[in-house]
There are 2 protein chains.
Amino acid sequence: MGKTATIRDVAQRASVSTATVSRVLNDDAHVVEATRQRVMDAIADLRYSRNDVARSLKTRSSRIVGIVSPELTNDFFMGIANGIEAALKKLKYSVIICSSNESRDEEKRLLKVLVEKAVDGVIVIPASDKGSHLKPFQDAGMPIVLADRLVEDFEADAALSDNFGGAREVVAAFIRRGARRIAFIGGASRLSNARERFEGYRAALAEGGIEEEPGIERFGDFHMESGRALMKDLLGRENPPRAFFIANLYMHIGATSFLLSLPEAERRGIRIAGFDSMAYSPLLGFCTLAVEQRIAELGGEAARLIMDRIGKRDKPFPEIVRLPTRLVVTENER
Amino acid sequence: MGKTATIRDVAQRASVSTATVSRVLNDDAHVVEATRQRVMDAIADLRYSRNDVARSLKTRSSRIVGIVSPELTNDFFMGIANGIEAALKKLKYSVIICSSNESRDEEKRLLKVLVEKAVDGVIVIPASDKGSHLKPFQDAGMPIVLADRLVEDFEADAALSDNFGGAREVVAAFIRRGARRIAFIGGASRLSNARERFEGYRAALAEGGIEEEPGIERFGDFHMESGRALMKDLLGRENPPRAFFIANLYMHIGATSFLLSLPEAERRGIRIAGFDSMAYSPLLGFCTLAVEQRIAELGGEAARLIMDRIGKRDKPFPEIVRLPTRLVVTENER
DNA sequence: CTGAAAGCGCTTACAG
DNA sequence: CTGAAAGCGCTTACAG
């Protein structure tokens, strides 16, 4: 930037002290209207814009919250980020969104950068099931909130979906609609949300009086490729299942794209119950039921949790919020 | 954060001045090794972390670049953001990603916030075809770079795809593969990228000796719903086309989801040439050809452009970069 | 090679 | 209701 006007320039032009300018800038009530107006005019004349860097240095608050996401190109994570941003905007907070690139090391590095930038807190969507590298930052006083899932060796406030309940509900509905033999395609069970969804599936099965069949319960990595591979694998068995609960959207995409590569006859009658609903969900042609997460609210809750800690609100630690999910019946009933 | 160690604490512990600590922090060559080591030890002992806010205030550089995107939940935009972040990381720059929510007013507000945060520059993916609201910030000295598209009433460096060339290439390939009567579904032609793609389509038609048929050239708004509506509309004509060039991914999704709602017989033989390729592109079952944009590089170029201006590199203004696209033949040849 | 000191642009207790 | 002044944690010419 060029030479911008400072608070001193404004003070001079309005013939007041910098303290007074600062007061009107911060909506201090004790400034008499005439003075305030004079200052406002000077601000307008000079096109003065506050320097938040200086403000932050003095107040020790940057009014910035960091968000660390495993990836940027993921509508689910960005939906959460959106929810966070919307909630914080109202409090005049801004947000720095960073991608850990699904790497724990990068996650750690980003925390360090964010601390240097003096963010007031950070919301992390964990890249792995590990959290010990977050501990030192928390110990140093940085408020940290988890979103979407929990991690090992690290306790913190967290905003999560009711993965267990959602999975149980959708699988139960699937059973009610006649599905008996339901295969499971999910993420690695060391991840908290993947495990919870698997347990929800099992609970629904048990409640429906359906015996588990370990041979058709498969665990991938939440990515497209593993969804495709597992679907291929399951359909390659001697007696392949026709109903599937796929516990994550990307695996669902992979599985569907494999199905699309099959001759019409081979894929007929296949039905899928899935997780999440995004812009492109209408393309998931075999999906008949889905669990919808309240993505934006997940972000909103994460925002609330971090603000509570930043504001040193007195409350038990950690606070874990579980957001209910919603069952959705999709258009495809083909 | 709690009471963190400052440069003074480090200086004291290492028995040097704060100036020396600052020097080792900034890799100043003139510090003798023994001193450097002592300082490094003190830093480690105290778990000192630099306060970038103070640094920024003094150096007048925050080492932060703002990114303003029309939305967060969009893999194309976030792919650009990713490219920017990757490129800037190497230069020890960070990035603040904000969503304008497709609103020009919000875009303006965000610019103001970013100026207050003293970012060194901002890369904007315009929310509309208007840019006059960006002018005052540029005039005040803030480096601004556009990505993805140009706007009216505002000149700036820009990183763009060769929309014209890409559209022309894919439509030409479509024609070579036998398509004659190709309908056009695109975005509003006041948007620079939408217009360029339309012109590319027209050029390919002309070069292929195919007469334009205005009745099957339709303009929506780049969103899913309009893709769906326009596809429905076109198929509702007396003599509906069977080949489509859809100039944007979301419209492509909408169009495809409409097709999926049709009985098998009605949609048979429909072929689509599209734009972009994302994780869920395999689900676009009617797509046979696509133009792939170099999304990450688009971000990389935007990063380079903004750094050039921040570094006051002497070069003509504005610099407009056009990145070539790549033609992709998809798996579906059904 | 290292230090003393000024200053970046704000905010805020303390006076008055 | 308003001002003078200190100070937030750094960096950097200027000396030596």
Side-chain angles (χ1 to χ4, degrees), chain A residues 1-40 42-43 46-64 92 115-120 140-141, chain B residues 1-40 42-43 46-64 92 115-120 140-141:
Chain A
M1 296 283 299
K3 50 235 45 161
T4 352
T6 73
I7 206 174
R8 290 190 53 175
D9 301 322
V10 175
Q12 239 154 32
R13 182 169 247 264
S15 311
V16 296
S17 71
T18 59
T20 297
V21 176
S22 177
R23 284 189 190 102
V24 344
L25 245 25
N26 292 291
D27 296 320
D28 186 310
H30 302 300
V31 182
V32 82
E33 181 55 24
T35 313
R36 207 185 68 84
Q37 202 44 255
R38 214 148 22 97
V39 172
M40 293 301 276
I43 288 174
L46 300 171
R47 285 166 186 65
Y48 168 76
S49 163
R50 165 152 68 192
N51 181 333
D52 259 359
V53 169
R55 180 181 194 286
S56 297
L57 181 58
K58 183 62 190 176
T59 64
R60 336 233 40 171
S61 160
S62 60
R63 285 200 190 155
I64 297 179
K92 304 207 174 208
V115 167
E116 288 176 356
K117 296 269 179 258
V119 299
D120 291 355
Chain B
M1 297 283 300
K3 51 234 46 170
T4 351
T6 72
I7 206 175
R8 290 190 53 176
D9 302 322
V10 175
Q12 238 154 33
R13 183 170 247 264
S15 312
V16 296
S17 71
T18 58
T20 298
V21 176
S22 176
R23 286 189 189 104
V24 344
L25 245 25
N26 292 293
D27 295 320
D28 186 311
H30 301 300
V31 182
V32 83
E33 181 55 24
T35 312
R36 208 185 68 84
Q37 201 44 253
R38 217 147 22 97
V39 172
M40 293 300 277
I43 287 174
L46 299 171
R47 284 167 188 66
Y48 168 76
S49 163
R50 164 152 66 191
N51 181 333
D52 260 359
V53 169
R55 181 181 193 286
S56 297
L57 181 58
K58 183 63 189 174
T59 63
R60 338 232 40 171
S61 159
S62 59
R63 285 197 190 160
I64 297 179
K92 304 207 172 206
V115 166
E116 288 176 357
K117 297 268 178 260
V119 299
D120 290 355

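Quick note: numbers below take in every heavy atom, side chains included, and nothing from hydrogens, waters or symmetry partners. In what follows, chains are A, B, ... by sequence order, proteins preceding strands, each numbered from 1.
The phosphate of D:dT2 (OP1 or OP2) has a side-chain N or O of A:Thr35 nearer than 4.0 angstrom. Distances shorter than 4.0 Å separate some side-chain N or O of B:Asn26 from OP1 or OP2 on D:dT11. A sub-4.0 Å separation between OP1 or OP2 of C:dC8 and a side-chain N or O of A:Arg8 is absent. Put simply, B:Arg60 has a side-chain N or O that comes within less than 4.0 Å of OP1 or OP2 on C:dG9. Side-chain nitrogen and oxygen atoms of A:Thr6 include none within less than 4.0 Å of the OP1 or OP2 phosphate oxygen of C:dG9. Between B:Arg50 and D:dT11, a side-chain N or O to OP1/OP2 separation shorter than 4.0 Å is present. Close to D:dG3, at under 4.0 Å from its OP1 or OP2, lies a side-chain N or O of A:Thr20.
Atom CG in B:Leu25 sits roughly 15 Å away from atom P in C:dT2 (whole-Å rounding). Atoms CD1 (A:Ile7) and P (C:dT12) sit 11 Å apart, rounded to a whole Å. Atoms CG (B:Asn51) and P (D:dT11) sit 10 Å apart, rounded to a whole Å. Here the C1' atom of nucleotide C:dT11 and the CZ atom of A:Arg55 are 8 Å apart, to the nearest Å. Distance A:Arg63 CZ to C:dC10 P: 14 Å, rounded to the nearest Å. Note: CZ (A:Arg36) to P (D:dT2) measures 12 Å, nearest angstrom. If you take CD of B:Glu33 and C1' of C:dC1, they are 13 Å apart, rounded to a whole angstrom. For the pair B:Asp28 CG and C:dC1 C1', the computed distance is 10 Å after rounding to whole Å.
The separation of C:dC14 from C:dC10, taken at their P atoms, amounts to 24 Å, rounded to a whole angstrom. C:dT2 sits 23 Å from C:dA6 when the P atoms are compared, rounded to a whole Å.
Looking at which nucleotide of DNA chain C each of B:Thr59 and B:His30 is closest to, the 5′-most match is held by B:His30. Positionally, the nearest nucleotide of DNA chain C for B:Val31 lies more toward the 5' end than for the other of B:Val31 and B:Lys58.
The side chain of A:Thr18 has D:dA5 as its nearest neighbour among D:dT11, D:dA5, D:dC10. The side chain of A:Ser17 has D:dA4 as its nearest neighbour among D:dA4, C:dC10, C:dG3. Side chain of B:Val32, nearest nucleotide from C:dC1, D:dT2, D:dG3: C:dC1.
Pairing of D:dA13, defined by two Watson-Crick or G-U wobble distances under 3.5 Å, is not identified with any nucleotide. With a cut-off of 3.5 Å on both pairing distances, D:dA4 has no Watson-Crick or G-U wobble partner at all.
To the nearest 0.5 Å, the span separating NE2 on A:His30 from OG1 on A:Thr35 amounts to 14.0 Å.
Residue contacts shown for B:Val16 are limited to sugar-phosphate atoms, with no base heavy atom under 4.0 Å away.
Formation of a donor-acceptor pair under 3.5 Å by the A:Arg36 side chain with backbone atoms of A:Val24 is not found in this model. Judged purely by atom type and a 3.5 angstrom limit, B:Asp52 has no side-chain atom pairing as donor or acceptor with the backbone of B:Arg55. Side-chain atoms of B:Asn26 do not come within 3.5 Å of backbone N or O of B:Arg23 as any donor-acceptor pair.
Counting distance only, with no hydrogens placed and no angle test, the side-chain atoms of B:Arg23 and the base atoms of C:dG3 include a donor-acceptor pair under 3.5 Å.
The two residues A:Ser62 and B:Lys117 come nearest to each other via the heavy atoms O-NZ, 3.6 Å.
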